[in-house]
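Treat the numbers as computed from the prediction; the structure is a model and nothing was measured. Both ligands and their constituent atoms are indexed starting at 1 by order of listing.
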Amino acid sequence: MKEPPAKKNDSSVKGVDWSDFRDHIATAEPDGRRRWIYPRKVNGRYFRWRTWFSWLLLGVMFAGPFITIHGNPLLLLNFVDRKFVVLGQVFWPQDMVIFAVAGLVGLTCLVLFTTAFGRLWCGWACPQTVMMEMVFRKLEYLIEGDADRQRALNQAPWTAGKLGKKLLKHAGFLALAFLVGNVLLSYVIGWQALFQIITDPPARHLTGLVFMIAFTLLFYGIFARFREQACTFICPYGRLQSVLLDEKSIVVAYDHRRGEARGPLRRAQTAAERRQDGGGDCVACNQCVSVCPTGIDIRDGTQMECIHCTACMDACDTVMAKIGREPGLIRYASLNGIERGEPLRLTPRLIGYGVVLAALVSLLAVLIFTRADVEATLLRAPGTLFQQMPDGRFSNLYTVRIVNKTSRALPVELRLESPAGSLQVMGGTLDVPAQALLANAVLVELAPAAMNSGTTPVIIGVYAGGKKLSTLKTAFIGPRN
Ligand code: SF4
Ligand code: SF4
């Protein structure tokens, strides 16, 4: 493989070691040990905008479980009862096709958006980044100070002061993790169930308590220790960058044409003189590296670890303002934008993704708007065959499951339409409560004259308010002639 050209070694920043540049990540020592990252506090316009946006997102996240639409929560993913609510609309496992198409819509959106704008999601809206950078990291700065003081504290011998700070920080982290874990749990079981777990005697909700503790420890572990490794080791989205991004994608990028050759600023040198000497706008101050929460140097180019948090953009803009240069040496730009001044363009790839997305969204809309209000399934009762009645007729036992997706209770009626015979709902009636699933036993009786040898096809109509909602087909088992 051809070696890239050696970089001019005229800066205080460690040059790229091309022999191992892509061989290990920034947060690991070459021997595999963890390299702890101490990102410096950052300030600037992007950080301010991200802070406001994060407050909005956190507000929605914490208020979400309490917001209801038509009496249903905004979002509920109850895997235990297999009941899912999105924007107040209840979905059941029977709506699996809708979930599958919605998943494809989400995936296509992600692909389209990432191809055009890189990892904008990661930096601005990903819960991991928002919680880490806007909540946990801020608490850490508050208790232990900025990066240098944190590093010094970690290297200092154990004293009462150090112990106090560490205990305070980790107690704060645990409290935050408990809060976050409980909010997420309320998206699974609903806030009412969560409130019951909190207020009832612990012995009555052992499973719930185990989940609460597990969620708390999980989030504590992620934000106190695991941190940026979640983005670089675990999250598959980061790994997808290499196939989704191209030279036209807008990413957080260092303008190498403007910045190189980098080198320290000399006091007496004017901008024009520096340019004439072949110097670029990068003064090799390393500020962009020191604020990076994933420990990378964006001047080495787009990297998998970059979560587009904009910290390096703010840090560099501050430096540029101090030395009287234009901001934007590190900015949102594409490689083509930097090299040829090309703006974001609609490429055939983006158009292709857009067409696929439009088709999937249309399909999803059709599926949602034509979704049946009631869904019924009929299965033979497990472990049963047929029985002969004293009058000579034969009977089969079935289990009917009816999902009522409407917000009103529905009295459902089953009618045996073919062949002639009788159908009896055990327990009398099928009154299905609103947004609930009802399972009941159903007995079908056929006279020998109406039966085939062995298996007889049976058709049952499902009615509500005299209106036919659906047709169920099943088999009736009888003796072989
Ligand atoms: S902050 Fe800007 S000037 Fe300083 S090293 Fe980074 S790119 Fe260069
Ligand atoms: S390179 Fe810049 S945008 Fe990317 S993670 Fe580091 S600080 Fe954030």
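Atoms of ligand 1 found under 4.0 Å from any heavy atom of Val283 (numbered from 1 in listed order, with element): 3 (S), 8 (Fe). Close approach to Ile298 involves these atoms of ligand 2, each under 4.0 Å from a residue heavy atom: 1 (S). Residue contact check: Cys282 has heavy atoms under 4.0 Å from atoms 3 (S), 5 (S), 7 (S), 8 (Fe) of ligand 1. Which parts of ligand 2 touch His308 is read off a 4.0 Å heavy-atom cut-off, strictly below it: atoms 3 (S), 4 (Fe). The atoms of ligand 2 that sit less than 4.0 Å from any heavy atom of Val252 are 3 (S). With ligand atoms numbered from 1 in the order given, ligand 2 contributes 5 (S) to contacts under 4.0 Å with heavy atoms of Thr294. Atoms of ligand 1 found under 4.0 Å from any heavy atom of Arg299, numbered from 1 in the order shown, are 5 (S), 7 (S). Listed by atom number, the atoms of ligand 1 under 4.0 Å from Cys285 heavy atoms are 1 (S), 3 (S), 4 (Fe), 5 (S).
Here Cys288 reaches atom 6 (Fe) of ligand 1: one of its N/O/S atoms is less than 2.8 Å from the metal. Counting backbone and side-chain atoms alike, Cys312 contributes an N/O/S atom closer than 2.8 Å to atom 2 (Fe) of ligand 2. Residue contacts to atom 2 (Fe) of ligand 1: Cys316 brings an N, O or S atom closer than 2.8 Å.
Under a 3.5 Å cut-off, the side chain of Asp314 and the backbone N or O of Phe47 do form a donor-acceptor pair.
Tyr46 and Asp317 form no side-chain donor-acceptor contact under 3.5 Å, judged by distance and modelled atom types alone. Side-chain polar atoms of Glu260 and Tyr254 form a donor-acceptor pair below 3.5 angstrom. Defined by atom type and a distance below 3.5 Å, a donor-acceptor pair is missing between the side-chain atoms of Arg204 and Gln196. Counting only N and O atoms by type, the side chains of Tyr220 and His170 include a donor and acceptor under 3.5 Å apart. Remark: the Tyr353 side chain and the Arg349 side chain contain an N/O donor-acceptor pair separated by less than 3.5 Å.
Nearest to atom 4 (Fe) of ligand 2 among the protein's heavy atoms is Cys306 SG, 2.3 Å. At the top of the distance list for atom 8 (Fe) of ligand 2, counting protein heavy atoms only, stands Cys309 SG, 2.4 Å. The nearest protein atom to atom 5 (S) of ligand 2, hydrogens excluded, is given as Ile307 N, 3.4 Å; this is a heavy-atom distance. The closest protein non-hydrogen atom to atom 6 (Fe) of ligand 2 is Cys292 SG, 2.3 Å.
Using cut-offs of 30° and 60° on the angle between ring planes, the pair Phe113 and Phe117 is tilted.
Of the heavy atoms in Thr310, only backbone atoms (N, CA, C, O) come closer than 4.0 Å to ligand 2. With a 4.0 Å heavy-atom cut-off, ligand 1 is reached by the side chain of Ile330 but not by its N, CA, C or O. Contacts with ligand 1 closer than 4.0 Å are made by side-chain heavy atoms of Met320 only, the backbone lying farther away.
Partner Glu144 forms a salt bridge (charged side-chain N to carboxylate O under 4.0 Å, His left out) with one of Arg149, Lys162, Lys169 and no other, that one being Lys169.
The side-chain tip of Arg225 does not point at the ring of Phe173 from less than 6.0 angstrom away and within 45° of straight on.
The aromatic ring centres of Phe84 and Phe79 sit less than 6.0 Å apart.
Between Arg34 and Glu228 there is a salt bridge, since a side-chain N of the basic residue sits under 4.0 Å from a carboxylate O of the acidic one.
Put simply, no part of Arg262 is less than 4.0 Å from ligand 1, judged by heavy atoms. Ligand 2 lies out of reach of Val291, whose nearest heavy atom is not under 4.0 Å from it.
Atom CZ of Arg257 has 12 or fewer neighbouring heavy atoms from other residues, nucleotides or ligands inside a 6.0 Å radius.
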